Amino acid sequence: RGRGLPYLLVGSVMTLTGLRFQGSASSALPDGPLSLSYFLSYLLTMLGVNVSYCVMIALVPDLVPTSQTGLANGTLALLLVGGSLF
């Protein structure tokens, strides 16, 4: 319990850093958004998001009673997909 929280912090920092560089790479470079720096910042963003998602999914059994685990996992999946859409 609580061992995944440092990974959640690392994933969040990776995501925010990647988004920051992704925004500056797409606007500053003359060769468009498909440049190497944009690709690397996008890769950092996706790695950070996936680390965060894994930790959130792993926290459900630790924090939710066994009888409500299915509902909690379904709600988490709905919110993660919904958040990805917008």
Side-chain angles (χ1 to χ4, degrees):
R1 196 172 194 156
R3 291 182 293 173
L5 294 179
Y7 294 104
L8 185 61
L9 179 64
V10 168
S12 299
V13 169
M14 285 172 61
T15 302
L16 292 174
T17 304
L19 286 173
R20 170 71 174 106
F21 286 121
Q22 199 172 352
S24 63
S26 65
S27 63
L29 294 174
D31 50 277
L34 298 177
S35 65
L36 180 62
S37 61
Y38 184 85
F39 172 74
L40 293 175
S41 60
Y42 179 78
L43 184 67
L44 181 64
T45 301
M46 290 297 107
L47 285 172
V49 165
N50 285 316
V51 167
S52 299
Y53 281 2
C54 289
V55 172
M56 287 188 278
I57 290 169
L59 282 175
V60 169
D62 291 342
L63 301 176
V64 177
T66 306
S67 62
Q68 297 176 339
T69 302
L71 178 63
N73 279 327
T75 304
L76 178 63
L78 177 68
L79 293 174
L80 289 176
V81 170
S84 298
L85 292 176
F86 303 105

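Only a predicted model underlies this, so the values are computations on that prediction, with no experimental measurement involved. Sequential numbering from 1 along the given sequence is applied to the chain's residues.
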(request) With sequence neighbours excluded, tell me which residues meet side-chain hydrogen bond (donor to acceptor under 3.5 Å, both in side chains) with Tyr53. (result)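 Partners of Tyr53 by the side-chain hydrogen bond (donor to acceptor under 3.5 Å, both in side chains) criterion, ordered by chain and then number, come out as Ser84.
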(message) Holding to side-chain hydrogen bond (donor to acceptor under 3.5 Å, both in side chains), I want the full list of residues that pass it with Thr45, two or more places apart in sequence or in another chain.
(response)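 For Thr45 the side-chain hydrogen bond (donor to acceptor under 3.5 Å, both in side chains) partners, ignoring immediate neighbours, are Gln22.
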Nearest 0.5 Å, please: how far is [atom2] in [Y] from [atom1] in [X]?
X	Y	atom1	atom2	value
Ser24	Tyr38	OG	OH	11.0 Å
Cys54	Leu8	SG	CG	11.0 Å
Leu19	Tyr42	CG	OH	10.5 Å
Leu63	Thr69	CG	OG1	10.5 Å

(request) Go through the structure and list residues passing side chain to side chain contact (heavy atoms under 4.5 Å, CB included) with Ala72, not counting sequence neighbours. (result)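 Side chain to side chain contact (heavy atoms under 4.5 Å, CB included) check on Ala72 returns Val60, Val64.
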(request) Might you point out which heavy atoms bring Ser52 and Gly11 nearest each other, and give the distance in Å? (result)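 Result for this residue pair: OG-C, 3.4 Å.
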(message) Could you see if Leu5 belongs to whatever hydrophobic cluster contains Val49? Use Ile, Leu, Val, Met, Phe, Trp, Tyr and a side-chain cutoff under 4.5 Å.
(response)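 Yes, Leu5 connects to Val49 through the hydrophobic network.
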(message) Are Leu59 and Leu76 linked, directly or through intermediate hydrophobic residues, by side-chain heavy-atom contacts shorter than 4.5 Å (ILVMFWY only)?
(response)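 The answer is yes; both residues are in one hydrophobic cluster.
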(message) If hydrophobic residues (ILVMFWY) are linked whenever their side-chain heavy atoms come closer than 4.5 Å, directly or via other members, who joins Met14 in its cluster?
(response)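 Its cluster mates, by chain and number, are Val10, Leu43, Leu44, Leu47.
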(message) Under 4.5 Å side-chain heavy-atom separation, chaining through any Ile, Leu, Val, Met, Phe, Trp or Tyr, what else clusters with Leu71? Say none if it is isolated.
(response)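 For Leu71, no cluster forms, as it stays isolated from other hydrophobic side chains.
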